[in-house]
Every structure is written in C-alpha cells, then in structure tokens.
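Below: the structure, in structure tokens.
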Amino acid sequence: LVAYPWVFGGGQPSRVRETRAPGPPAPTLAPRPLPRVDAGAPGFSVSHAEGGVEVRAAGQDAWRIAVAGQALSADDEVRTGAAGRAVLRASDGSELTLRPGVELKLAVTQQVAAVALARGWVRAQAGAEGRRWEITASEVRAIGSGQSGERFTVFAGERGVVAVATERGEVRVIARGKEVAVGAGFATQVPEGGVPADPSGIPAELLLSVAWPDAERSGRRARVSGTVAVGTDVSVAGAPIAVGPDGKWSAEIALERGTNVVDVRAEDLSGRQKTVTSPPIVVRPGGPALDVDPSKLWDKKPPAPSPR
C-alpha cells in the first residue's frame, strides 16, 4: 500500500471495527442502490461549472452542458471532462466538489445525500441540518456522521482502487464485511475486490517524485515518469495523466528544437497542489556537428580515387 501525503492537523487515532465473520471470502456484491428521493428534501443544483461539465437527466440518453444554477433531479448524472470542475450545492449547505474526470449519480433524502461514484475525485461537506453523506464506489461505502461541517474526500480509480481521506469529523468505510472508522487527519485505501486498510495518519508533505529525461538529446520525444499517492491528480505539460493503483505514472512528451522546460503538477486528496519544473532539456539537431571555420576548408584533402 502507498503512504498518503495529506495532512489536516490533529484528530484522535481512528478506530478499526472488524465485523467480518470467519469463513470463505464474501461473494462479489452488487452496487448498493441509491435511496429513493424525498420530494420535500433539499435538492442540489450546480453552483459552479467550468472547463467542461455535463448533466444527463434521468431516463435520457443525451448529455447536455451544465450551467450554474441548474437544478438536479433524482437519478440525474453528472460528469466532468479532462479540464472540468464543478460544485454541487444544496440549500442546507451540503456541498459536493468535483475534480476533472468524475462521473456520478446523485440522490437526496431528508437524512442522506447519496452518491454513486463511477470514477474520479469528489469532496463532500455536510451542511448545517445534520444530513449525512453516503458515497458508494464499486463495493466500497463511505458514510459520514452528518456532523455539521464534516468534510471528507473519496477517490475511485479506473482500476478499482478506492481511497478515502477525512479532513473533519469521522467517516465509516465499509467493504466486503470489514468496517473502519477514519477520523480527521487519517486515510484508508481499498484495493479492487479487497477490504479497507487500517487507517493511517496523513503525512505533512505532498509526495511528488519525478524522473526527467536526459538534459541533452537529439530526439524530439521523451518520457517523464514518477510516483504520487493514490488519489492524486497529475498533469504533465498541462495534460492529465493516468495514475496506476500503485501511485506510479508515466507520460511521453513532445519537445521543440532548442531549450524546453516542462512542468509537472499534482493535486492530492486534500486539495493541496504542488508543481515541479524540469531542468532545461535541450534538443539538438540530428546528424554530425558542422565545422563552420572557413579557414579549414582548404586543409581537407580530396578523397583517394577508388581502385579500378
């Protein structure tokens, strides 16, 4: 498992509650259905949308561009593009922040704001009326307490890994019969088809290691690679890069002739950002170097004739 580079300050050590009975592994579970929406529950609307955000209304096939102020109904789906970001907000102060690459379905009751997260990174914040968040990703459930101001983040990777980090309050994370309580300043990770790891404290510094290409080269394409914590977004030269379940990433970049400088940007589960800039990468023209001293032109002897 990869250590988590997030920190939120104090917090009591998290509790681990093992509810799995001995015996064979639990069978694969179907995704938990979202609760039926109450007509009188405070609904959500799109508070902010930028960079490519779309909504698909319940029962419809077409995705449509989301606009600020747009109301969301039961079973509506929301997704963000490679540069898309959005904030969904309810009248009770509950809020859900979406990073690029998110796809989800939202449901609301008086007691629960439920999200089925297909992929991506979301941060949930509880409002003032005690309604709790419940985010389901694959077979993993992250359930808030409903405490006012509670805030936690869930990441669902495309390869099945799920990570949960708590900034305020305490969140129960349940998968395949095991439940752990993730307190403020702690995080857990669930591998595909596995159970939650015991929560661990979040280190103070965001992890971003980068291996740069050679400083001088003749080719105009190069590879940049590195490591981050699971749940961290990475972009290289402004382009989003997929991060593996072990936190490793790699990208091929195009270079111009001459001197190049490349930025790698990371944003972790807590929303902290870090940018690392490469040393100068110089692409020289191919072929042997030319001698431009005209005085040496007459020093060269003509080639010997070839034997007949």
For K274, the salt bridge (Lys or Arg N to Asp or Glu O under 4.0 Å) test, sequence neighbours excluded, returns E205
Let me check something: any side-chain donor-acceptor pairs from residues 219-226 under 3.5 Å, sequence neighbours excluded? List them with distances.
residue : atom : partner : partner atom : Å
R220    : NE   : L255    : O            : 3.3
R220    : NH2  : E256    : OE1          : 3.3
R221    : NE   : E252    : OE1          : 3.0
R221    : NH2  : E252    : OE1          : 3.4
R223    : NH1  : S250    : OG           : 2.8

*asked:* Would you say that V46 contacts V53 through its side chain, given a criterion of any heavy-atom pair below 4.5 Å between the two side chains?
replied: no
query: Can you tell if the side chain of W249 reaches within under 4.5 Å of the side chain of V264, non-hydrogen atoms only?
result: yes
- Could you tell me whether a side-chain N or O of S278 sits under 3.5 Å from a main-chain N or O of V262, the two making a donor and an acceptor? yes
Side chain to side chain donor-acceptor pair (under 3.5 Å) filter on T277, not counting sequence neighbours, yields D263
Note: E50-R85 ion pair, threshold 4.0 Å (strictly below): no
Is the shortest heavy-atom distance from the side chain of K178 to the side chain of P196 under 4.5 Å? yes
**Request:** Go through the steps for I281 and V261 under the test side-chain contact (heavy atoms from CB on, under 4.5 Å), then give the verdict.
**Result:** CA-CA 6 Å; I281 303 171; V261 175; over 6 Å; no
D233 meets the salt bridge (Lys or Arg N to Asp or Glu O under 4.0 Å) criterion, sequence neighbours left out, with R99
Going by chain and number, the hydrophobic cluster around I143 (ILVMFWY, side chain to side chain under 4.5 Å) further includes I174
Does some side-chain heavy atom of V276 sit less than 4.5 Å from a side-chain heavy atom of W212? yes
Nearest heavy-atom approach of P199 to V182 is CG-CG2, 4.1 Å
Taking the side chain as everything from C-beta on, heavy atoms only, tell me whether V115 gets closer than 4.5 Å to T136.
no
Only residue of V87, L88, L98 satisfying side-chain contact (heavy atoms from CB on, under 4.5 Å) with H48 is V87
*asked:* Less than 4.5 Å apart, side chain to side chain, heavy atoms only: is that true for R119 and V102?
replied: no
When every non-hydrogen atom of S94 is compared with those of G127, the smallest separation belongs to OG-N, 3.4 Å
Residues passing the side chain to side chain donor-acceptor pair (under 3.5 Å) test with S47, sequence neighbours excluded, are R89
- Would you check if there is a donor-acceptor pair between the side chains of S138 and E192 at a distance under 3.5 Å? no
Worksheet item: Does the pair R172/E179 count as a salt bridge with the N-to-O cut at 4.0 Å?
Response: yes
In this structure, CG of L207 is separated from CG of D268 (nearest 0.5 Å) by 10.0 Å
Of R151, E95, E150, the one forming a side-chain hydrogen bond (donor to acceptor under 3.5 Å, both in side chains) with Q125 is R151
Across all chains, not counting sequence neighbours, the ring-ring contact (aromatic ring centres under 6.0 Å, His included) partners of W133 are F44
Side-chain donor or acceptor of S218 paired with backbone N/O of R284 under 3.5 Å: no
- prompt: So do the side chains of T97 and V122 get within less than 4.5 Å of each other, counting heavy atoms only?
  reply: no
Cluster membership besides V67, Ile/Leu/Val/Met/Phe/Trp/Tyr side chains within less than 4.5 angstrom, sorted by chain and number, is none
* Check the pair L208 / T275 against side-chain contact (heavy atoms from CB on, under 4.5 Å), numbers first and verdict last. => CA-CA 9 Å; L208 174 58; T275 299; over 6 Å; no
Side chain to side chain donor-acceptor pair (under 3.5 Å) filter on R64, not counting sequence neighbours, yields none
Test side-chain contact (heavy atoms from CB on, under 4.5 Å) applied to F155 and V162, step by step
CA-CA 6 Å; F155 168 78; V162 176; over 6 Å; no
- [ ] May I ask you to decide whether R79 forms a salt bridge with E103, counting only side-chain N to carboxylate O separations under 4.0 Å?
- [x] no
Applying side chain to side chain contact (heavy atoms under 4.5 Å, CB included) to T259 and not counting sequence neighbours gives P280, V282
Sub-4.5 Å side-chain heavy-atom contact between V55 and W63: no
query: Should V230 and L269 be marked as a side-chain contact (heavy atoms from CB on, under 4.5 Å) after you check the CA-CA gap, both sets of side-chain angles, and the distance that decides it?
result: CA-CA 9 Å; V230 173; L269 275 179; over 6 Å; no
Sequence neighbours excluded, the answer for side chain to side chain contact (heavy atoms under 4.5 Å, CB included) partners of A58 is D75, D76
Residues passing the side chain to side chain donor-acceptor pair (under 3.5 Å) test with R132, sequence neighbours excluded, are none
Note to self: Does E267 form a salt bridge (Lys or Arg N to Asp or Glu O under 4.0 Å) with R265? I'd like the steps, not just the answer.
What the structure shows: CA-CA 7 Å; E267 185 174 359; R265 179 179 177 275; 3.7 Å; yes
